[in-house]
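Step one of this worksheet: look at the structure below.
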Amino acid sequence: MHGPEILTRTLSSTTRRDRFGNLWQYHSRSDHHSKVACWGVIFDLLATTPLLRRHVEAGVVCFGINHEMRDFVHDRKKNLDLVLCTPSGAATSDSLASIASDYDIQLNDAERAILDNLPRLIRAPVGSVVMALEAKACMTAHQRALPRLYDELNSSHLTVHGASEQAIAVGFTMVNIGETYLSPDLNKKNRATEPEWSRHKQPRDAQLAIDKIKQLPRRSKVGDVGYDALSIVVIDMPNDGKPVKLIKAAPAPQQGDIYHYDTMIARLSGIYATRFKDLA
DNA sequence: TATTCCTTCGTTACTTCGCA
DNA sequence: TGCGAAGTAACGAAGGAATA
């Protein structure tokens, strides 16, 4: 699987300038990291799911970005970062490959070769949602951010299944285990002067966030309440320009753990193959 | 191109808890 | 009882998409 490496590589190398003149790898007010994370999930899923590739080749499945889903049961709406769906209109010129360029996604040679061999997944107006992805990050102030993080993640699967019980709800979470962090919020002056560092109690803070994410409901069949698949990726990111490290040791989920990224992709692949085998 | 609106998530302020 | 730590609720700045 490549998603987490693509995400950390892209966050390491991509910087955006704020209005104070500072360059940031990660900015909490941007959705760039969410988009890159979702892109990686779709990339891995497409590479590992033959049925999905056939559906994409046949033009049965496309994707949408920032798609608004409306929960019919509770009459609430929410925008999902990225959805796989059936098309309801003419395709756009956007494709999975073209938005990789738009988002400055950094691929190595092997990933580029895989992408070149995938069928062209195109963006089109959303018909019925097959899969909805929500990506969330917890980079600093872990403990204080937990209630909001949980509420937002919890509302996502409720909205997805309130709109479409069949749709696969996917959650991707990224937790920072770095001891120190440069927050764009606390450094709204030119950073060249005196940067203000946030300091974390690690691994405790990351563990708190991971434990909270694990409290989210999950489901094993249509009709239940919860995420169909959920993963937790742990990174070490001081946000100071240094490379972002992907952490594989505990408290990051280990191979075989239900929250491990690879497990999530394998699970999604299986669910897709059984739930949408008759999609045409 | 300018403006508006929505989303994100880190921060502040406040409350509760635990311990000496 | 007082203090620091932990927990909770709500706010709001900023990015970016949508719209005029």
Side-chain angles (χ1 to χ4, degrees), chain A residues 7 10-11 14-39 63-71 75-83 89 92-94 98-99 101-105 123-126 132-160 171-191 195-213 215-216 232-233 235 237-240:
Chain A
L7 177 60
T10 300
L11 287 176
T14 309
T15 55
R16 288 167 186 238
R17 191 178 295 280
D18 68 12
R19 64 195 186 96
F20 304 98
N22 296 317
L23 284 169
W24 298 105
Q25 294 165 301
Y26 172 91
H27 198 299
S28 60
R29 307 296 180 252
S30 167
D31 62 353
H32 177 250
H33 54 281
S34 301
K35 295 290 187 293
V36 176
C38 291
W39 191 96
F63 75 95
I65 296 172
N66 285 338
H67 174 63
E68 181 183 301
M69 294 193 79
R70 185 174 285 274
D71 177 351
D75 191 23
R76 69 182 153 198
K77 59 183 181 180
K78 184 170 176 62
N79 281 15
L80 275 297
D81 292 322
L82 201 150
V83 297
T92 70
S93 58
D94 291 343
S98 75
I99 64 168
S101 167
D102 294 343
Y103 296 152
D104 294 321
I105 289 173
R123 184 178 181 182
V126 177
L133 283 85
E134 180 77 345
K136 294 279 178 202
C138 184
M139 300 297 288
T140 189
H142 300 68
Q143 195 152 6
R144 285 175 287 183
L146 292 185
R148 181 191 47 71
L149 181 71
Y150 182 90
D151 286 348
E152 288 176 359
L153 281 164
N154 199 42
S155 73
S156 290
H157 73 79
L158 290 170
T159 304
V160 170
F172 178 98
T173 58
M174 178 171 75
V175 176
N176 187 17
I177 200 167
E179 299 270 356
T180 55
Y181 178 73
L182 269 183
S183 168
D185 267 332
L186 291 178
N187 292 279
K188 288 177 182 170
K189 55 184 183 295
N190 192 293
R191 220 173 66 201
E196 183 175 341
W197 286 90
S198 302
R199 302 192 184 281
H200 306 145
K201 290 181 185 172
Q202 300 290 16
R204 177 188 166 282
D205 286 347
Q207 184 70 62
L208 283 170
I210 290 167
D211 290 345
K212 192 68 185 179
I213 293 163
Q215 291 173 12
L216 284 161
I232 302 168
V233 166
I235 63 166
M237 181 176 193
N239 205 25
D240 62 351

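Naming: A, B, ... by sequence-line order, numbering from 1 per chain.
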Between C1' of dA14(C) and NE2 of H32(A), the distance in whole Å | 16 Å

Output the distance between atom CH2 (W39(A)) and atom CG (L82(A)), rounded to the nearest 0.5 Å.
-> 11.0 Å

Compare every heavy atom of L146(A) with every heavy atom of K212(A), then report the nearest pair and how far apart it is.
-> CB-CD2, 4.0 Å

Can you give one letter per nucleotide of nucleotides 8-15 of chain B, going 5' to 3': B for a protein heavy atom under 4.0 Å from the base, S for sugar-phosphate only, - for none?
-> BBBBBB--

Looking at five pairs on each end of the helix from dT1(B)-dA20(C) to dA20(B)-dT1(C), what is the angle between the two axes, given to 10 degrees?
-> 0°

So which one's nearest nucleotide on DNA chain C is more toward 5', K212(A) or K35(A)?
-> K212(A)

If you take all heavy atoms of L153(A) and T173(A), which pair is closest and at what distance?
-> CD1-CG2, 3.7 Å

Shortest non-hydrogen pair, L149(A) vs C138(A), comes out as CD2-CB, 4.2 Å

For E152(A), enumerate each residue passing the salt bridge (charged side-chain N to carboxylate O under 4.0 Å, His left out) test, keeping only those at least two apart in sequence or located in another chain.
-> K136(A), R148(A)

So CZ of F172(A) and CG of D81(A): to nearest 0.5 Å the spacing works out to 11.0 Å

Please give, in whole Å, the distance from dG16(C) P to I99(A) CD1?
-> 15 Å

Nearest-angstrom distance from the residue atom NE2 of H142(A) to P of dT8(C) | 17 Å

Please check if the side chain of H142(A) supplies one atom and the backbone of Q207(A) the other of a donor-acceptor pair under 3.5 Å.
-> no

T159(A) side chain vs S155(A) backbone, donor-acceptor pair below 3.5 Å | yes

Mind calculating the distance between CG (L82(A)) and C1' (dG16(C)) to the nearest angstrom?
-> 16 Å

